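Since the structure comes first, as structure tokens, the remarks are kept for the end.
Start at 1 with the first residue, then count along the sequence. When reading the values below, keep in mind they use all heavy atoms of this one structure, side chains included, and skip hydrogens, waters and symmetry mates. Order of listing sets the numbers, starting from 1, for every ligand and every atom in it. Given the structure is predicted, the values throughout are model-derived calculations rather than measurements.
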Amino acid sequence: MPIDATQPYDDSNIFARILRGELPSTTVYEDDHALAFHDINPQAPLHILVIPKGPYVSWDDFSERGSDIEIAGFVRAVGKVARDHGLVAPGYRLLANVGIDSHQEVPHLHVHIFAGKQLGPMLAR
Ligand code: 5GP
């Protein structure tokens, strides 16, 4: 079910539980501002999710309420994960779903990193 990204943050969501260590994840990177782990249902040979550690529903929420330090830390973490996986030369795709029309399912901001094959044109019709 897609979520309504205008709703307040709900800290029972699955990524909040991963951040609290209540659920396992295959972590590939962690720092003060971000956690990155493999998607449980990969849509590409490499499919990593990067999440901020703070309680933000979506990119919209984060860009409005996140501090400059959190935003800089998160954006840098996404780039570092991609570089650390050698993705700049072959290329990769970033995706952040926000709300109902995008079919965002987990109400904690996450950026998808897709890589490992020719990803093709971006938009499904
Ligand atoms: P969204 O549609 O919200 O942008 O993407 C949510 C993503 O989270 C999906 O790609 C889904 O496979 C992934 N996901 C959902 N539950 C879990 C989980 O418990 N662990 C991990 N690693 N990924 C999850």
I want to check something: taking the side chain as every heavy atom from C-beta on, are His108 and Leu19 in contact at a cut-off of under 4.5 Å? yes
Tell me whether Leu23 reaches ligand 1 (any heavy atom closer than 4.0 angstrom to a ligand atom). no
Restricting to non-hydrogen atoms, name the atom on Ala96 and the atom on Trp59 that form the minimum distance, rounded to 0.1 Å. CB-CE3, 4.4 Å
contact_flag Thr26 ligand 1 heavy-atom lt 4.0 Å: no
For Asn97, is at least one N or O under 3.5 Å away from an N or O on ligand 1? yes
At what distance is the nearest protein heavy atom to atom 22 (N) of ligand 1, and which residue and atom is it? His38 O, 2.9 Å
Can we say Lys53 and Glu30 salt-bridge, meaning some charged N sits less than 4.0 Å from an Asp/Glu carboxylate O? yes
Evaluating non-hydrogen atoms only, which member of Leu95, Asp39, Ile3, Val111 is closest to atom 13 (C) of ligand 1? Asp39
Is a side-chain N or O of Glu70 found less than 3.5 angstrom from the main chain of Phe62, in a donor-acceptor match? no
Say whether Ser12 and Asp10, considering side chains only, have a donor N or O and an acceptor N or O under 3.5 Å apart. yes
Kindly state whether the ring of His112 and the ring of His110 have centres lying under 6.0 angstrom apart. yes
Would you say ligand 1 has an N or O under 3.5 Å from any N or O of Leu49? no
Report the part of His110 (side chain from C-beta onward, or backbone N, CA, C, O) that has a heavy atom under 4.0 Å from ligand 1; answer both or neither where that applies. side chain
Measuring from atom 3 (O) of ligand 1, which candidate in Glu105, Arg17, His108 has the nearest non-hydrogen atom? Glu105
Heavy-atom distances under 4.0 Å decide this one: backbone, side chain, both or neither, for Ile40 against ligand 1? both
Under 4.0 Å from a heavy atom of His112: give me the atoms of ligand 1 that qualify, with their elements. 1 (P), 4 (O), 5 (O), 7 (C), 10 (O)
When distances are taken from atom 16 (N) of ligand 1, the protein heavy atom at minimum range is Ile14 CG2, 4.0 Å
Could you tell me if the side chain of Asp31 sits less than 4.5 Å from the side chain of Arg76, heavy atoms only? no
Provide, to 0.1 Å, the distance between atom 8 (O) of ligand 1 and the closest protein heavy atom, together with that atom's residue and name. Phe15 CZ, 3.4 Å
Hey, are the side chains of His103 and Asn97 touching, using non-hydrogen atoms and a 4.5 Å cut-off? no
Heavy atoms only: give me the nearest Val78-Ile113 pair and the separation to one decimal. O-CD1, 4.0 Å
With atoms numbered from 1 as shown, which atoms in ligand 1 lie under 4.0 angstrom from a non-hydrogen atom of Val106? 3 (O), 6 (C)
His103 contact mode with ligand 1 (heavy-atom cut-off under 4.0 Å): backbone
State the atoms of ligand 1, each with its element, that fall below the 4.0 Å cut-off from a heavy-atom position in Asn41. 12 (O)
Of all the heavy atoms in Gln43, does at least one lie under 4.0 Å from an atom in ligand 1? no
Where does the angle between the aromatic ring planes of Phe37 and Phe15 fall among parallel (under 30°), tilted (30 to 60°) and perpendicular (over 60°)? perpendicular
